[in-house]
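Just below is one structure, and these are the notes that go with it.
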Amino acid sequence: MRGKNTKTRHSYFQDIFDVVRLTPHGRVTTYGSVANYLGTVTPRMVGWAMNKSFREDPPVPAHRVVNRKGELSGRNFFSSPTMMQEMLESEGITIEQNQIRDFKEVLWDPSIELKEE
DNA sequence: CGTTTGACGGTCC
DNA sequence: CGGACCGCCAAAC
């Protein structure tokens with residue numbers, strides 16, 4: 001132990017990381033969906049948390065998080081502007097004009113998929 | 001400890 | 001259909 005995370009917990013960022021990590025392979029989610037699922041954070045915060053996600057371990061599939069329009073708004077934050085698209089296409093997602101085709105079909109909304117009945 | 005930000009979202013026009 | 005504007009709320013400075 002590095003005597004570091006003794007009380008470092010319950011960070012809102014951790015909740016965001018956790019939800020994003022639950023995003024299935026070949027699916028995508030939105031900032032708003034994650035924020036809405038948590039209910040305590042805003043969509044902006046989700047995107048902002050993604051910045052820190054690069055240093056997180058295990059890494060967070062930030063490439064599976066897009067905006068509500070289905071656009072790869074965060075592609076510019078990856079190693080390469082095309083990195084995000086390459087990763088999504090590698091998972092079977094088709095992207096055209098920087099936008100996910102059949103976005104609603106590959107959309108994975110935690111508020112719906114993880115909802116309790 | 002006040003201000004700014006931030007990979008957004010929804011509404012308004 | 002699209003541009004503009006406000007709200008959100010914690011983290012970063």
Side-chain angles (χ1 to χ4, degrees):
Chain A
M1 308 174 183
R2 301 303 176 191
K4 185 177 182 179
N5 57 351
T6 305
K7 61 178 180 179
T8 306
R9 53 171 62 202
H10 293 325
S11 299
Y12 288 91
F13 277 37
Q14 281 295 330
D15 291 338
I16 296 172
F17 297 149
D18 185 59
V19 175
V20 175
R21 275 184 281 215
L22 291 175
T23 307
H25 184 275
R27 297 279 180 170
V28 296
T29 187
T30 67
Y31 307 97
S33 296
V34 176
N36 183 31
Y37 174 72
L38 295 174
T40 53
V41 300
T42 58
R44 291 189 176 194
M45 221 195 134
V46 177
W48 203 351
M50 293 293 97
N51 278 312
K52 294 181 62 180
S53 68
F54 287 92
R55 68 168 74 180
E56 286 291 310
D57 182 59
V60 180
H63 63 279
R64 294 180 188 156
V65 185
V66 297
N67 61 13
R68 80 114 186 156
K69 294 172 291 187
E71 297 175 328
L72 284 57
S73 53
R75 67 181 176 176
N76 201 18
F77 281 69
F78 283 79
S79 306
S80 182
T82 56
M83 186 67 177
M84 189 174 183
Q85 180 173 340
E86 291 294 324
M87 294 175 74
L88 289 173
E89 289 181 328
S90 181
E91 297 185 358
I93 298 176
T94 304
I95 302 172
E96 290 192 344
Q97 295 180 348
N98 222 60
Q99 184 175 343
I100 298 176
R101 178 189 286 218
D102 298 325
F103 170 58
K104 62 181 181 180
E105 295 186 31
V106 294
L107 175 61
W108 181 82
D109 191 333
S111 300
I112 298 175
E113 304 294 339
L114 300 179
K115 78 176 183 180
E116 303 174 30
E117 299 184 32

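This one's a predicted model, so the numbers in the text were calculated from it and none came from an experiment. Just so we're on the same page: letters track the sequence lines, and every chain starts at 1.
Atom P of dC1(B) sits at a distance of 22 Å from the matching atom of dC9(C), rounded to the whole Å.
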Shorter than 3.5 Å, N or O on both sides, protein versus nucleotides 2-6 of chain B: list them out with atom names.
residue, atom, partner, partner atom, Å
dG6(B), N7, Arg44(A), NH1, 3.0
dG6(B), O6, Arg44(A), NH1, 3.3

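The distance between atom CE of Met50(A) and atom P of dA10(C), rounded to the nearest whole Å, is 17 Å. Rounded to a whole Å, the NZ atom of Lys52(A) is 7 Å from the C1' atom of dA11(C). Rounded to an integer number of Å, the gap from CG of Leu38(A) to C1' of dC8(C) is 14 Å. Rounded to whole Å, atom C1' of dA10(C) lies 14 Å from atom CD of Gln14(A). Counting to the nearest Å, the P atom of dC1(C) and the CD atom of Gln99(A) are 12 Å from each other. Atom OH in Tyr12(A) sits roughly 9 Å away from atom C1' in dC9(C) (whole-Å rounding). One can place CG of Asn67(A) at 12 Å from P of dA7(B), the figure rounded to the nearest angstrom. Between the CZ atom of Arg55(A) and the C1' atom of dA12(C) there is a distance of 11 Å, given to the nearest Å.
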With side-chain contact (heavy atoms from CB on, under 4.5 Å) as the criterion, how do Asp15(A) and Val41(A) come out once you've worked through the C-alpha distance, each side chain's angles and the decisive distance to 0.1 Å? CA-CA 10 Å; Asp15(A) 291 338; Val41(A) 300; over 6 Å; no
Evaluate salt bridge (Lys or Arg N to Asp or Glu O under 4.0 Å) for Glu91(A) paired with Arg64(A), printing each intermediate quantity in order. CA-CA 10 Å; Glu91(A) 297 185 358; Arg64(A) 294 180 188 156; 2.9 Å; yes
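Here Ala49(A) lies out of heavy-atom contact (under 4.0 Å) with every strand.
When the side-chain nitrogen and oxygen atoms of Lys69(A) are compared with OP1 and OP2 of dG9(B), none of them lie within a distance under 4.0 Å.
Met45(A) is listed as a side-chain neighbour of Phe13(A), based on a closest heavy-atom distance under 4.5 Å. No side-chain heavy atom of Thr29(A) sits under 4.5 Å from any side-chain heavy atom of Tyr37(A). With a 4.5 Å cut-off on side-chain heavy atoms, Leu38(A) and Tyr12(A) do not count as touching.
Between the base of dA7(B) and the side chain of Tyr31(A) there is a donor-acceptor pair shorter than 3.5 Å.
The minimum heavy-atom distance between Phe103(A) and Arg68(A), with the atom names listed, is CE2-O, 3.5 Å.
Heavy atoms of other residues, nucleotides or ligands lying less than 6.0 angstrom from CZ of Arg21(A) number more than 12.
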